[in-house]
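This report concerns only the one structure given below.
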Amino acid sequence: MKIKLASLFLFIVVMLIGCNNPASNGVQNIVDNVEAQFDYALGEIEKVKTDSLLWPRSVEKGAITMVPSKDWTSGFFPGNLWMLYELTQNDKWKELAMDYTLPLEPEKWNDDNHDIGFKMYCSFGHAIKYSDDPKLKEILIQSAKTLSTRYNPVVGCIRSWNSLTEQWAYPVIIDNMMNLELLMWAAKETGNEGFREIAIKHAQTTMKNHFRDDYSCYHVVGYNPETGAAEKKNTHQGYADESDWTRGQGWALYGYTMMYRETGMEEFLNQAIHVAQYLINEADIKNGDVPYWDFDAPNIPNEPKDASAAAVISSALFELYQYSKDQEHYDVAKKLLDTMSSDDFFAKTGENGGFLLKHSTGSKPYNSEIDVPLVYADYYFLESLIKYKAMHKI
């Protein structure tokens with residue numbers, strides 16, 4: 001009887017430990033696996049990188065695809081290295097992170113599109129946490145100045161693309177919400193309220209024009225730059241104009257959660273909560289399953305999944321829970337993190353081109369990056385893990 005009771009006690013302890021970690025092996029095992037995979041990844045990257053193609057983005061036909069600094073994803077890999085340093089406090093990762101961050105400096109002048117926020121804040125935004133070199137902040141401030149030049153006060157938004165002018169005179173995509181964090185940081189750092197005003201107005205205009213009654217969002221809104229009128233509501237990466245492109249919904253949730261953190265404005269918190277409820281009403285998200293690339297894709301369940309969307313949503317929900325205190329926000333975030341940490345989605349060391357997560361989708365309509373690893377999926381997965389770890393003081 002004593003043996004049975006002892007066994008029962010051990011079983012309960014093991015179960016409790018498992019419940020308190022984002023995967024059955026626990027947080028530390030995940031961090032160890034991340035570190036081992038990044039060691040492998042760096043060896044693979046050394047084989048294919050060049051002076052201009054320095055940053056890994058995905059895998060195509062078994063080979064790592066590398067991108068130049070102007071690519072919208074270039075800042076994520078250095079960001080991943082910075083987060084690995086945060087998780088391990090191993091100076092090796094700090095040094096490597098800086099090696100992959102500093103070559104992005106010329107992008108501080110790149111005013112060709114809105115993605116300067118992704119590129120610079122996901123890299124230099126981490127670097128300034130661990131270095132007191134004033135040059136790093138100067139680079140970020142210039143990046144914010146460059147981004148702000150794309151703002152049209154008549155429209156009340158930052159223009160996303162200069163291309164595709166035959167479709168939209170002034171396109172604004174929901175992804176652009178993610179770049180506002182750079183402006184909010186610059187406003188605090190410099191005292192220039194202009195940065196803050198642009199970010200707030202962009203968020204408010206987007207809230208007015210991008211969302212449907214159920215708080216799902218369009219991908220692209222085309223504005224008239226002369227009148228500010230929202231003339232078109234379309235998609236570019238989703239299945240259809242009226243469908244719900246999954247990662248876009250994640251950008252919306254993350255963007256408004258971040259804007260509440262940065263401004264304390266209740267309208268942004270309310271928007272984030274509404275978007276969260278819309279997402280949680282989707283069965284895949286509620287159950288913690290990695291969603292399909294578009295919630296309305298026509299051939300579900302024979303459609304590709306998008307782990308990058310799951311990662312963005314999980315990270316956003318963990319943060320939103322801090323403000324909403326809605327237990328369901330935490331529960332769903334953790335379920336998604338559990339799923340991403342499972343063998344179905346988390347790659348074994350030495351596989352997947354050195355990326356962490358499998359089964360992401362870049363752009364299904366353009367047959368680009370289908371069921372592959374994506375560097376930004378890894379970025380938001382690590383961010384989600386760090387948030388979970390911090391919440392539980394692990």
Side-chain angles (χ1 to χ4, degrees), residues 57-61 65 71-73 76 115 118 160 164 173-178 210-212 214-220 233-255 275-276 278-317 332-333 335-342 344-347 352-353 355-381 383-384:
R57 172 170 171 154
S58 184
V59 172
E60 183 178 359
K61 296 179 181 179
T65 54
D71 189 87
W72 80 272
T73 68
F76 290 114
D115 289 321
F118 278 122
S160 295
L164 302 172
I173 63 176
I174 193 63
D175 318 37
N176 209 342
M177 287 295 303
M178 302 294 287
H210 253 85
F211 290 87
R212 306 181 183 97
D214 65 355
Y215 292 95
S216 65
C217 67
Y218 293 94
H219 182 202
V220 190
K233 298 185 179 183
N234 310 106
T235 194
H236 185 61
Q237 289 181 260
Y239 164 63
D241 289 343
E242 293 297 330
S243 73
D244 299 341
W245 174 51
T246 310
R247 191 165 62 248
Q249 316 308 310
W251 294 144
L253 176 65
Y254 192 113
V275 175
Y278 154 76
L279 283 166
I280 290 171
N281 285 339
E282 293 287 342
D284 284 346
I285 302 300
K286 187 178 185 68
N287 295 330
D289 297 329
V290 167
Y292 296 96
W293 68 279
D294 190 300
F295 287 127
D296 303 304
N299 298 312
I300 292 172
N302 300 313
E303 293 278 359
K305 296 274 190 169
D306 186 9
S308 75
V312 173
I313 293 166
S314 177
S315 179
L317 283 175
V332 173
K335 287 178 185 178
L336 289 168
L337 186 56
D338 285 346
T339 303
M340 291 184 289
S341 303
S342 72
D344 289 339
F345 288 91
F346 194 88
N352 207 40
F355 293 87
L356 303 179
L357 296 186
K358 301 176 285 186
H359 308 310
S360 287
T361 298
S363 181
K364 179 68 161 55
Y366 291 88
N367 198 31
S368 173
E369 299 175 327
I370 310 299
D371 193 23
V372 294
L374 289 170
V375 67
Y376 48 92
D378 291 357
Y379 181 94
Y380 292 103
F381 169 79
E383 198 177 75
S384 185

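Remark: K358 fails to qualify as a cation-pi partner of F345 under the 6.0 Å distance and 45° angle criteria applied to the six-membered ring.
Minimum interatomic distance between V290 and T339 (heavy atoms only, all atoms of both residues): CG2-CG2, 4.0 Å. Of all the heavy atoms in T235 and G238, the pair that sits closest is OG1-N, 2.7 Å. Annotation for L357 and N352: closest pair O-ND2, 3.1 Å, computed over non-hydrogen atoms. Of all heavy-atom pairs between V332 and I285, the closest is CG1-O, 3.3 Å. Here the shortest heavy-atom pairing between K286 and I280 reads CB-O, 3.1 Å.
Here the side chain of S216 pairs no donor or acceptor atom with the backbone of R212 at under 3.5 angstrom.
The line from NE2 of H219 to CZ of R247 is 8.0 Å long, rounded to the nearest 0.5 Å.
Between E369 and S363, every side-chain heavy-atom pair lies at or beyond the 4.5 Å cut-off. In this structure, the side chains of Y278 and F211 stay at 4.5 Å or more apart for every pair of heavy atoms.
A ring-centre distance under 6.0 Å is found for Y379 and F76. Proximity of the aromatic rings of W293 and Y366 is defined here by a centroid distance below 6.0 angstrom, and this criterion is not met.
Between K305 and D289 there is no salt bridge, since no side-chain nitrogen of the basic residue lies less than 4.0 Å from a carboxylate oxygen of the acidic one.
The number of heavy-atom neighbours closer than 6.0 Å to OH of Y215, taken from other residues, nucleotides and ligands shown, is 12 or below.
Under the 30°/60° scheme for interplanar angles, the aromatic rings of W251 and W72 are found to stand perpendicular. In this pair, Y254 and Y380 present their aromatic rings perpendicular. The plane angle is above 60°, beyond the 30 to 60° band.
Donor-acceptor pairing under 3.5 Å is recorded for the side chains of S243 and D294.
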